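Note that this is a predicted model, so its numbers are computed, not measured. Order of the sequence lines sets the chain letters (A, B, ...), proteins ahead of strands, with each chain counted from 1.
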2 protein chains.
Amino acid sequence: MPSPAPRRSTRREQILAAAAELFAQRGFHGVGIDDIGSAVGISGPGLYRHFRSKDAMLGEMLTDISEKLLAGGQQRVDDAADAASALAELVRWHVDFALDNRALITVHERNLANLTEADQRRVRTLQRQYVEVWVEVIRKAVPSTDEPTARAAAHGVFGLLNSTPHSKHLDRDAMAVLLQRMAMAALTTPGSLTGLSPTASEAQRR
Amino acid sequence: MPSPAPRRSTRREQILAAAAELFAQRGFHGVGIDDIGSAVGISGPGLYRHFRSKDAMLGEMLTDISEKLLAGGQQRVDDAADAASALAELVRWHVDFALDNRALITVHERNLANLTEADQRRVRTLQRQYVEVWVEVIRKAVPSTDEPTARAAAHGVFGLLNSTPHSKHLDRDAMAVLLQRMAMAALTTPGSLTGLSPTASEAQRR
DNA sequence: CAGGCGTGTTAGCGGTCGTTAACTCCACGC
DNA sequence: GCGTGGAGTTAACGACCGCTAACACGCCTG
């Protein structure tokens with residue numbers, strides 16, 4: 001037996017990749033089962049040999065991506081020497097991930113609402129944990145940043161880094177460098193994240 | 001006649017606002033005509049007294065927002081004294097717009113593909129012109145930035161600024177300040193946008 | 001060679017959705 | 001007071017869509 005695990009079920013992944021592309025372009029409800037089928041050479045209901053339902057496809061691809069994103073991010077942070085390099089590594093990780101999975105990133109940020117309630121809970125939990133990793137690293141690398149600000153900053157950086165599907169004017173590597181620099185500048189420029197109290201009521205009575 | 005233009009057809013705008021909220025949450029195809037109707041107190045087909053079709057609603061709200069975005073941006077740039085303040089004003093304009101039109105911004109960046117071909121052309125043209133305004137200002141305010149890089153940077157900043165619907169942890173004003181600072185830092189930190197040649201082939205043979 | 005089993009096909013059902021038709025009601029100008 | 005038109009209602013139609021049923025084919029194993 002030359003290959004003990006003979007490329008563990010390539011077909012499912014192939015289908016998910018095609019579906020991701022379509023969902024990213026037209027939205028979950030804008031894509032029919034027949035569209036997905038013909039994108040992988042089979043037609044229509046043949047997909048039900050591989051997935052229980054259309055919702056299950058979206059569910060699997062969104063939980064998969066959320067898990068990978070969290071695991072990879074956590075790993076980079078754990079391997080980093082100090083807070084500053086942890087932040088840089090986290091940014092690099094997200095940049096690479098977004099550039100190599102454009103369709104998935106798009107679906108991930110647009111189609112959360114179309115999930116089953118159960119899947120939605122699972123994905124939201126993973127997302128929250130990923131944000132938590134960012135918040136902690138930001139607060140360590142950029143001292144005197146309060147938590148709500150760090151959280152908002154993290155979401156903003158996600159928006160910046162996930163903007164990659166919308167512009168193909170630069171090649172992959174140049175885009176990676178640009179996004180890395182912009183994100184680090186946005187986060188670490190002195191004063192960017194400070195002086196914004198949680199409720200802003202405190203700031204006013206200064 | 002006390003009011004010659006008696007609040008020019010408030011109903012249409014009310015319907016569009018409700019529809020925008022729903023489209024932002026569930027996507028164009030995820031919202032039924034009945035949902036929109038009941039959101040404004042009437043039910044189902046009553047909407048056809050105000051709009052020719054469901055597509056027409058999306059078309060009108062997307063062209064409207066694109067026109068406002070372009071007009072306001074152009075205006076701020078024209079009124080600015082120098083390139084640096086033009087960039088700052090442009091950022092402030094977009095921040096305010098995004099914060100005051102969260103649902104519309106979301107629909108605008110997610111549901112372009114669901115438009116009629118005619119509407120799609122119109123909206124894309126307006127979008128392109130808006131990006132052009134940004135590209136010109138960036139290249140004047142941040143010298144030695146090549147055009148593709150400026151374009152990619154603009155898209156990135158849009159992603160950053162449009163991230164506002166996803167986080168409600170800060171109040172409006174704090175959020176505005178944070179986004180303004182992060183965007184300006186990302187764009188104007190020395191070295192952020194330089195040294196990335198268009199094809200990157202030149203950079204390699206250095 | 002028999003028999004699963006994985007993978008695919010086409011036909012069709014049941015529900016939903018956008019749109020139209022036909023009708024009602026009320027406010028207002030002459 | 002009467003008619004006209006804006007705004008809304010319910011009923012219904014036709015198309016589409018997700019999914020199931022029933023059947024077909026080829027490959028590996030005993």
**Request:** Name the first nucleotide and the last nucleotide along DNA chain C (5' to 3') that come under 4.0 Å of a heavy atom in chain B.
**Result:** C:dG18 to C:dC23
**Atom pair distance, as rounded to whole Å: CZ in A:Arg49 and P in D:dC23** = 14 Å
**Asked** What is the distance from CE of A:Met57 to C1' of D:dC19, rounded to the nearest Å?
**Response** 11 Å
**Prompt:** Hey, what's the ring geometry for B:His94 with B:Trp134, parallel, tilted or perpendicular (30° and 60° as the breaks)?
**Reply:** perpendicular
**Item:** Between C1' of D:dT9 and CG of B:Leu47, the distance in whole Å
**Value:** 13 Å
**Residues within residues 22-44 of chain B bordering DNA chain C, heavy-atom distance below 4.0 Å** = B:Val31, B:Gly32, B:Ile33
**Prompt:** So does B:Arg139 have more than 12 non-hydrogen atoms from other groups sitting under 6.0 Å from CZ?
**Reply:** yes
**side chain to side chain contact (heavy atoms under 4.5 Å, CB included) between B:Gln120 and B:Leu62, worked out** = CA-CA 9 Å; B:Gln120 210 169 119; B:Leu62 253 49; over 6 Å; no
**Prompt:** Would you call A:Arg122 and A:Glu67 a salt bridge, using N to O less than 4.0 angstrom?
**Reply:** yes
Could you tabulate the donor-acceptor pairs under 3.5 Å formed by side-chain atoms of residues 22-50 of chain A, not counting sequence neighbours?
{"from": "A:Asp35", "atom 1": "OD2", "to": "A:Gly32", "atom 2": "N", "distance (Å)": "2.9"}
{"from": "A:Ser38", "atom 1": "OG", "to": "A:Asp34", "atom 2": "O", "distance (Å)": "3.3"}
{"from": "A:Ser38", "atom 1": "OG", "to": "A:Asp35", "atom 2": "O", "distance (Å)": "3.2"}

**Heavy-atom pair with the smallest gap, counting every atom of B:Asn114 and B:Asp55** = O-OD1, 4.0 Å
**Asked** Between B:Arg110 and A:Glu109, is there a salt bridge with N-O shorter than 4.0 Å?
**Response** no
**Prompt:** A:Asp55 CG to D:dC19 C1': how many Å, rounded?
**Reply:** 11 Å
**Asked** Does A:Asp146 pair with A:Arg151 as a salt bridge, N-O distance under 4.0 Å?
**Response** no
